[in-house]
Visitor: 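Here it is, the structure, as structure tokens.
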Amino acid sequence: VGVRNDEGEDTGLTQAEERAAHLAAVVDASSDAIISKTLEGVVTSWNLSAERIFGYTAAEMIGQSIRLLIPDERQDEEDEILAKLRAGVFIEHYETIRLTKDGRRLDVSLSISPVRNSAGVVVGASKIARDISARKQAEEALLAATAKFESVFNQSGMFAGILDPDGNLREVNDLAVDWCGYTRDEVLDRPFWETPWWRGSDEMRERIRTATQQAAAGEVFRQMLSYWVADGTERIVDFALHPIRDERGTVRFLHPTGVDITERIRTEETLRQSEERFRSLVSVITDVTWTAGADGGFCPPQPAWEAYTGQSPDSYRGLGWLDALHPDDRIRVGEEWAAATSAATLFQTTGRLWSAGSGEHRHFFARATPVRRPDGTVGEWVGSCTDVHERTLAEEALRAQEAEEREIAIGLQRALLPERLDAPPGLSFAARYEAGSDALEVGGDWYDVFPLPDGRVALTVGDVVGHGLSAAAAMGQLRTALAALAEHVAAPGELLTLLDGFLARTGTTDFATVCYGVLDPVTGVLEYASAGHLPMLLVTPAGETRLLDRAQSTPLFGDGRQRVQSSVAIEPGALLVLYSDGLVERRGEHLSRGLERLEQAGSRLADASVDEVCNGLVAALGVEATRDDDVAVLAVRLDAVAGPGFHRVFPAGSEQLRELRTAMRVWLDSRGVSVATTNAALLAVGEACANAIEHAYMDGNEGDVAVDITQSHDGSLLVLVRDTGRFRAAPAPGGDRGRGTDIMRALTTDFSRDSTGSGTTVRFRVPVEEPAAA
Amino acid sequence: MNDELVVIEQEERDGRLVVRLLGEIDLSNVDLLQRRLERVVEGSQAVVVDLAGVEYIDSQGLRLLNRLASRIGDAGATLQVVAPAGSIVRNVLELTHMSDDLDLRDGVDG
């Protein structure tokens with residue numbers, strides 16, 4: 001059966017030829033390079049994606065040896081591949097490096113299958129090559145982020161290291177060696193269980209060996225262990241060993257961390273011993289018992305009181321007993337006693353009482369009950385004082401210890417938060433972090449703002465559930481992972497999905513909430529997604545408020561589920577507030593009440609500077625010293641612009657450029673822009689548009705070009721030029737297009753160009769200062 | 001092509017061919033302009049290209065100037081380019097350091 005063309009003529013194509021043509025179209029449409037070659041390695045076909053990925057055209061490659069693509073040091077690979085092919089073996093997902101025409105090294109994944117003739121003899125091979133450079137870069141960025149995090153640990157008060165999967169110690173932080181009195185030579189490059197930290201006990205060495213095997217198999221290990229420092233002292237460490245996996249889930253490193261908890265454990269031990277002693281004392285020794293009249297005055301005899309305090313009857317008579325109390329306690333206890341005797345209720349208090357036997361004031365717990373006569377009136381009081389001195393001191397020591405750990409956690413938290421936020425052009429922002437007041441209840445909140453390679457700005461606030469050192473550490477790890485991923489992943493929903501996967505692989509934390517947005521300073525478009533985090537607040541310049549709650553998904557549990565995202569266009573001058581739940585949640589109050597308060601306060605602060613917004617929200621929402629949760633607030637304002645922006649979309653054709661310049665001149669004139677700045681803007685925009693038009697022309701694409709310009713409050717011009725052409729590598733410098741790029745860079749600041757599958761976006765700012773071309 | 005975007009005027013002065021461009025040079029007219037200029041300057045031993053009346057020129061126009069300069073040089077002729085200090089054209093030439101390689105003048109008689 002032949003195929004007929006539009007005129008109904010037989011085109012002479014056979015069905016086999018038609019199938020072949022169809023296959024060829026499928027091959028050309030593939031985003032993977034599809035190449036076939038003979039058993040001698042001579043290229044016989046080369047599709048469009050092969051041209052795009054390797055830079056050679058089909059005409060250049062067909063008839064050439066495939067070895068052109070292979071780096072010198074990998075030429076042996078081809079011999080192996082050809083040998084396998086002759087044997088009829090299929091080669092799947094072979095990751096290696098290949099060269100492009102301009103000499104760049106690409107990470108590629110190859111799948112190669114033998115091609116047989118009708119007699120079944122292998123006559124050649126077809127090869128599918130996929131460019132995995134972007135994935136490799138993301139993987140390396142994640143590993144680098146882990147390494148960066150480790151360096152933060154050098155100032156964190158926590159031991160940290162890196163083991164290879166066999167358990168040999170490869171890296172260790174300064175604290176783990178210096179503080180313990182060891183040198184790196186003594187610990188590195190040997191099995192972790194044979195390092196001197198565990199030298200005091202065979203049992204500990206065995207536990208570490210087991211922990212290493214467990215972690216290499218993918219399980220997290222955590223225990224309190226004894227370890228030994230250089231002077232031979234035994235200490236106690238809260239030790240954890242986490243597996244660190246790569247993209248494919250293979251355990252690549254083990255990450256030991258530890259916090260020295262010796263002092264804390266000793267304090268708890270003292271407390272436990274004192275409680276035991278207290279209980280045994282109570283059983284053998286009676287408390288200091290006493291009696292008092294209905295008016296609260298002591299009358300002799302009070303033998304137990306006399307024996308304990310050494311006061312004579314004349315001294316303690318009436319309210320003279322108060323003199324046996326610590327001077328700082330006398331007035332308070334006196335008032336409490338007066339109140340209790342007049343109300344005739346149960347009396348309980350604590351304070352310090354002079355002990356003649358030990359020659360010091362000792363902590364006591366006192367309790368007294370009124371004894372009533374038959375007519376119901378109080379006849380006398382019977383009371384006792386219990387010595388709780390050891391227990392109170394131990395409790396105070398524990399509180400001090402906890403306060404110290406809290407300080408360390410706050411210090412770590414602050415070390416892990418960005419020191420200062422650089423305002424990218426078009427935005428201003430400020431952030432606050434306030435630690436919670438309860439001991440050990442800090443850590444876990446973060447905020448961050450950073451520019452992305454495509455000129456947009458990433459905003460994030462998140463909260464690792466949990467508190468203390470481990471939450472602060474997990475927060476730091478998630479924050480660095482998020483920043484590393486953000487460079488490679490444009491869509492907020494996808495980023496949260498990947499971050500969730502990271503969480504699952506590293507076991508960083510069980511549960512975290514994250515709010516993440518990407519804001520375009522020129523168009524004002526915000527793409528956002530939230531994993532279980534409270535929604536961002538948007539405040540318009542007129543003071544209208546809106547909670548951005550269209551992209552809520554569950555918190556990050558490490559279950560890898562897909563995340564939704566949404567977008568909203570923000571008007572210039574508008575304010576965005578990202579915050580952690582500590583800002584709005586109050587105990588015993590419905591969350592909606594807190595959000596209502598936030599919206600009211602945000603509305604009142606619509607005109608305030610971002611610094612005032614942060615301070616104002618913290619003040620207005622009643623965040624006091626006694627709250628128990630951390631508070632993180634990030635306020636971002638899109639630059640107010642002077643008047644309406646310039647927007648024009650036109651078909652990608654050079655005949656449109658003149659009209660574009662005419663329209664730009666009218667708009668720039670209406671904005672009062674100087675002649676020099678006008679010329680610089682016309683030239684820079686002209687170059688960007690000429691690039692877009694040339695690409696569209698070369699790709700045979702009927703796309704559009706869009707130009708957006710807004711004027712910042714400082715007079716500078718923020719420019720965005722977008723085309724819908726397909727991806728094309730940036731031109732080599734020095735050529736004609738390279739010169740165009742040089743001109744754009746010379747005339748503008750904050751220049752960026754971002755090419756994706758759907759088109760190229762160029763952004764820059766034309767400064768109001770006299771530009772170079774003025 | 002956008003014919004009216006740039007106007008070419010030419011005159012003989014003191015044995016030199018003066019070619020005056022008035023208007024704007026961009027991607028839309030650069031190829032046509034190049035062909036026309038090459039025809040105009042052919043056979044002349046001394047050429048002056050006066051760009052004082054050019055209101056817009058980008059890297060496309062610079063490429064044209066580059067090619068024209070090589071062609072005139074190859075023919076053993078001389079080329080002077082008029083771009084007054086502070087003009088749009090002069091600024092772009094300086095920005096790209098093309099001013100280093102051209103015989104630049106402030107005026108036709110300067």
Side-chain angles (χ1 to χ4, degrees), chain A residues 650-665 668 674-698 705 721 723 731-748 762 766 770-774, chain B residues 1-8 21-38 51-71 81 83-102 104 106:
Chain A
F650 57 91
S654 64
E655 70 286 351
Q656 304 284 332
L657 289 171
R658 182 189 201 179
E659 271 182 53
L660 171 71
R661 288 196 297 272
T662 306
M664 275 180 66
R665 284 193 180 102
L668 290 164
S674 73
V675 174
T677 306
T678 295
N679 285 336
L682 287 173
L683 184 51
V685 171
E687 294 291 354
C689 290
N691 261 340
I693 290 166
E694 283 199 324
H695 288 173
Y697 177 73
M698 285 192 281
V705 179
V721 178
D723 70 58
D736 292 315
R737 301 278 17 113
R739 182 184 288 138
T741 303
D742 290 345
I743 290 175
M744 282 189 275
R745 288 186 186 280
L747 291 170
T748 68
V762 175
V766 182
E770 207 74 336
Chain B
M1 288 300 159
N2 211 337
D3 291 58
E4 72 280 12
L5 193 53
V6 68
V7 174
I8 307 181
L21 301 184
L22 302 164
E24 301 180 279
I25 305 171
D26 67 18
L27 185 63
S28 69
N29 62 358
V30 70
D31 290 333
L32 181 62
L33 184 59
Q34 168 133 8
R35 285 198 294 277
R36 286 187 173 177
L37 285 178
E38 283 171 0
L51 301 175
V54 170
E55 290 153 12
Y56 179 84
I57 185 171
D58 59 17
S59 55
Q60 303 292 331
L62 301 183
R63 185 185 59 179
L64 180 157
L65 269 187
N66 234 355
R67 291 187 182 167
L68 195 65
S70 343
R71 198 178 174 100
V81 176
S87 68
I88 286 173
V89 177
R90 184 66 161 255
N91 287 335
V92 179
L93 289 173
E94 282 171 357
L95 195 66
T96 54
H97 297 285
M98 269 185 64
S99 47
D100 305 349
D101 304 328
L102 291 173
L104 271 187
D106 281 333

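Throughout, a chain's letter reflects where its sequence line sits, starting with A, and its residues are numbered from 1.
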Visitor: Of the non-hydrogen atoms in Gly740(A) and Ser59(B), which two are nearest, and what is the gap between them?
Guide: CA-OG, 3.7 Å

Visitor: Does any heavy atom of chain B fall under 4.5 Å from the side chain of Arg665(A), the backbone, both, or neither of them?
Guide: side chain

Visitor: Nearest 0.5 Å, please: how far is CG in Leu747(A) from CG in Leu95(B)?
Guide: 5.0 Å

Visitor: Any non-hydrogen side-chain atom of Arg661(A) less than 4.5 Å from a side-chain atom of Glu55(B)?
Guide: no

Visitor: At their closest point, which heavy atom of Ala690(A) faces which heavy atom of Leu27(B), and how far apart are they?
Guide: O-CD2, 3.9 Å

Visitor: Is Leu62(B) in contact with chain A via its backbone, its side chain, both, or neither, using a 4.5 Å heavy-atom distance?
Guide: both

Visitor: Within the 4.5 Å heavy-atom criterion, are Ile743(A) and Asp58(B) side-chain neighbours or not?
Guide: no

Visitor: If every non-hydrogen atom of Asp26(B) is compared with every non-hydrogen atom of Arg658(A), which pair is closest and at what distance?
Guide: OD2-N, 4.1 Å

Visitor: Consider side-chain contact (heavy atoms from CB on, under 4.5 Å). Of Leu683(A), Asn679(A), Leu682(A), which one does Ile88(B) pass it with?
Guide: Asn679(A)

